[in-house]
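In what follows, a structure is listed as structure tokens, so that the remarks can point back to it.
The sequence lines fix the lettering, A, B, ..., with proteins before strands; numbering per chain opens at 1. Side chains are part of it too, since the values below use all heavy atoms of this structure and drop only hydrogens, waters and symmetry mates.
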Protein chains: 2
Amino acid sequence: MPVSSASMPTKERILGAAEELFARHGFEGASLRQLTAAAGVNLAAVNYHFGSKDRLIEEVFRRRLDQLNGRRMAALQKIAGDAGTTVEDVLAAFIVPALELSHDGNGSLFMRVLARAFAEHDDTLRKFLSDNYGHVMRQFTAEFARLLPQLSKEELYWRVDLVTGALTHAMSGFGMIQRKSDVPEDRHREQTAQHLIRFAASGLKSP
Amino acid sequence: MPVSSASMPTKERILGAAEELFARHGFEGASLRQLTAAAGVNLAAVNYHFGSKDRLIEEVFRRRLDQLNGRRMAALQKIAGDAGTTVEDVLAAFIVPALELSHDGNGSLFMRVLARAFAEHDDTLRKFLSDNYGHVMRQFTAEFARLLPQLSKEELYWRVDLVTGALTHAMSGFGMIQRKSDVPEDRHREQTAQHLIRFAASGLKSP
DNA sequence: GCAGGAATCAAACGATCGTTTGAGGATACG
DNA sequence: CGTATCCTCAAACGATCGTTTGATTCCTGC
């Protein structure tokens with residue numbers, strides 16, 4: 001499963017190498033020289049294809065988040081507003097697409113990039129993420145509000161923030177948690193999802 | 001409450017400015033030239049007093065973590081092994097010292113530095129933190145294990161990791177959550193602690 | 001098969017990085 | 001008063017940063 005093979009177009013090889021090096025060394029820590037060397041392309045290729053390093057960073061996010069948040073929204077649409085929907089259902093709509101990404105290619109490296117973006121309080125990056133994907137969090141929060149009417153607005157924001165913090169932290173470490181070889185991949189993913197959903201649901205619903 | 005005034009010794013002025021700039025721009029993003037300019041000291045002072053930038057980073061952690069984890073361990077010793085101790089008590093021993101730090105001076109900036117250290121999967125930094133402060137997490141985990149005997153070792157590690165992730169994430173954002181002016185400082189801190197403890201306890205104890 | 005845009009290349013740009021140097025100032029002790 | 005020690009300072013070190021340039025190669029459409 002190549003993330004940056006010689007047969008791929010230059011743009012995708014750069015994106016693959018960027019994802020890996022941003023995860024490992026941070027946005028400032030990974031230089032364009034390391035990056036283009038790892039991708040096997042010329043140094044000038046980044047500025048030619050993306051314009052600048054900052055635009056490359058945005059493109060790394062866009063490529064993954066478009067897919068991730070698209071799947072999250074699709075899963076949420078199916079259950080939002082329904083009478084039988086539970087907190088666990090909404091959490092599953094949020095978590096399962098992220099787990100699928102984590103176990104696909106070097107998607108788990110992207111989760112580490114995302115965790116870095118959370119830790120960096122960089123205004124430009126936060127604005128980009130908020131502008132492009134803020135509506136996703138608002139939709140999920142609105143559905144939680146419907147299912148947890150006893151919580152004040154303030155309390156709800158608190159708990160949703162704690163849940164996203166825990167999940168981002170946990171999923172950024174998935175590269176290290178290896179499943180036992182006798183458990184099939186999808187079964188392992190299902191167990192992980194159950195762990196996370198149970199934990200988060202208990203926190204959200206706590207009295 | 002100056003963090004880097006002209007009257008303070010050079011070493012402390014550097015540590016104060018370093019904490020702020022590392023929180024804002026990361027370890028690689030903050031340069032020694034910015035840092036020494038903000039502290040009002042000569043560029044060479046960092047290498048004279050600390051030896052290198054990496055040793056300065058370690059000293060930034062040491063100064064705060066010695067105090068923070070000292071208070072955590074003291075609070076834990078008082079209740080560890082007792083018959084009446086609850087999960088909430090242990091969580092309070094972990095959380096309250098961190099909240100006290102967050103509301104004291106620019107201690108909240110340090111919590112952001114700590115959140116960065118979590119997100120960076122830098123081996124050198126992780127080894128330093130593990131070598132010097134790993135015993136704290138082991139002690140707390142052991143006490144959780146005593147109070148939650150129904151959890152498997154694997155499940156317990158999972159949940160403790162989720163809790164620390166949520167708390168680190170939450171407390172790194174405390175600079176932005178301002179208390180209402182009609183609520184006294186210590187009352188606000190107490191309320192925040194209750195929020196965090198309730199959330200974490202529900203997650204840990206979830207069936 | 002040839003013109004022309006797309007893509008790649010080596011090389012260089014000025015800026016900034018962490019670190020080192022050696023001279024000079026401050027301070028305490030004989 | 002002199003001297004030894006701690007500290008500060010401006011300046012420079014080589015390395016590396018993101019970006020730009022201009023020539024060269026590749027590929028496509030006529």
Phosphate OP1/OP2 of C:dA7: any A:Thr10 side-chain N/O under 4.0 Å: no

N/O donor-acceptor pair under 3.5 Å between A:Thr168 side chain and A:Gly165 backbone: no

Salt bridge (Lys or Arg N to Asp or Glu O under 4.0 Å) partners of A:Glu100, counting only residues at least two apart: A:Arg71

Contacts of B:Arg24 that satisfy side chain to side chain donor-acceptor pair (under 3.5 Å) - sequence neighbours left out: B:Glu20

Please table the atom pairs, donor to acceptor, closer than 3.5 Å between any side-chain atom in residues 88-97 of chain A and protein atoms at least two apart or in another chain.
from	atom 1	to	atom 2	distance (Å)
A:Glu88	OE2	A:Lys205	NZ	2.9
A:Asp89	OD1	A:Thr86	OG1	3.4
A:Asp89	OD2	A:Thr86	N	3.0
A:Asp89	OD2	A:Thr86	OG1	3.1

Atom OH of A:Tyr157 with >12 non-hydrogen neighbours under 6.0 angstrom: no

Sidechain-backbone polar pair: B:Lys53 side chain, B:Phe27 backbone, donor-acceptor under 3.5 Å: yes

Stepwise side-chain contact (heavy atoms from CB on, under 4.5 Å) check, A:Lys11 with A:Phe50: CA-CA 8 Å; A:Lys11 253 181 132 170; A:Phe50 297 95; 4.0 Å; yes

CZ/B:Arg55: more than 12 non-hydrogen atoms of other groups inside 6.0 Å: no

Any residue meeting salt bridge (Lys or Arg N to Asp or Glu O under 4.0 Å) with B:Lys78, in chain and number order, not counting sequence neighbours: none

Distance, nearest 0.5 Å, that separates CD of B:Gln139 from CG of B:Asn69: 11.5 Å

Contacts of type salt bridge (Lys or Arg N to Asp or Glu O under 4.0 Å), residue A:Arg198, not counting sequence neighbours: B:Glu155

Bounds of contact between DNA chain D and chain B, in 5' to 3' order, using a heavy-atom cut-off under 4.0 Å: D:dC6 to D:dA12

From CA spacing to verdict: side-chain contact (heavy atoms from CB on, under 4.5 Å), A:Val163, B:Phe199: CA-CA 9 Å; A:Val163 165; B:Phe199 178 89; 3.8 Å; yes

Stem list, DNA chain C (Watson-Crick or G-U pairing under 3.5 Å, at least 3 consecutive pairs): C:1-23 with D:8-30, C:26-30 with D:1-5

Verdict with supporting geometry, A:Phe22 and A:Leu35, side-chain contact (heavy atoms from CB on, under 4.5 Å): CA-CA 9 Å; A:Phe22 287 157; A:Leu35 203 155; 4.1 Å; yes

Residue pairs fulfilling salt bridge (charged side-chain N to carboxylate O under 4.0 Å, His left out) with at least one residue in residues 127-147 of chain B, sequence neighbours excluded: B:Lys127-B:Asp131, B:Glu143-B:Arg146

Nucleic acid contacts of residues 47-54 of chain A, taken as heavy-atom distances under 4.0 Å to DNA chain C: A:Tyr48, A:His49

Whole-Å gap separating C1' (C:dA7) and CG (A:Leu43): 15 Å

Salt bridge (Lys or Arg N to Asp or Glu O under 4.0 Å) partners for A:Arg72, two or more places apart: none

Close residues, residues 23-36 of chain B, relative to DNA chain D [heavy-atom separation under 4.0 Å]: B:Arg33

Annotated protein contacts, base or backbone, on nucleotides 22-27 of chain C with a non-hydrogen cut-off under 4.0 Å, one of B, S, - each: ------

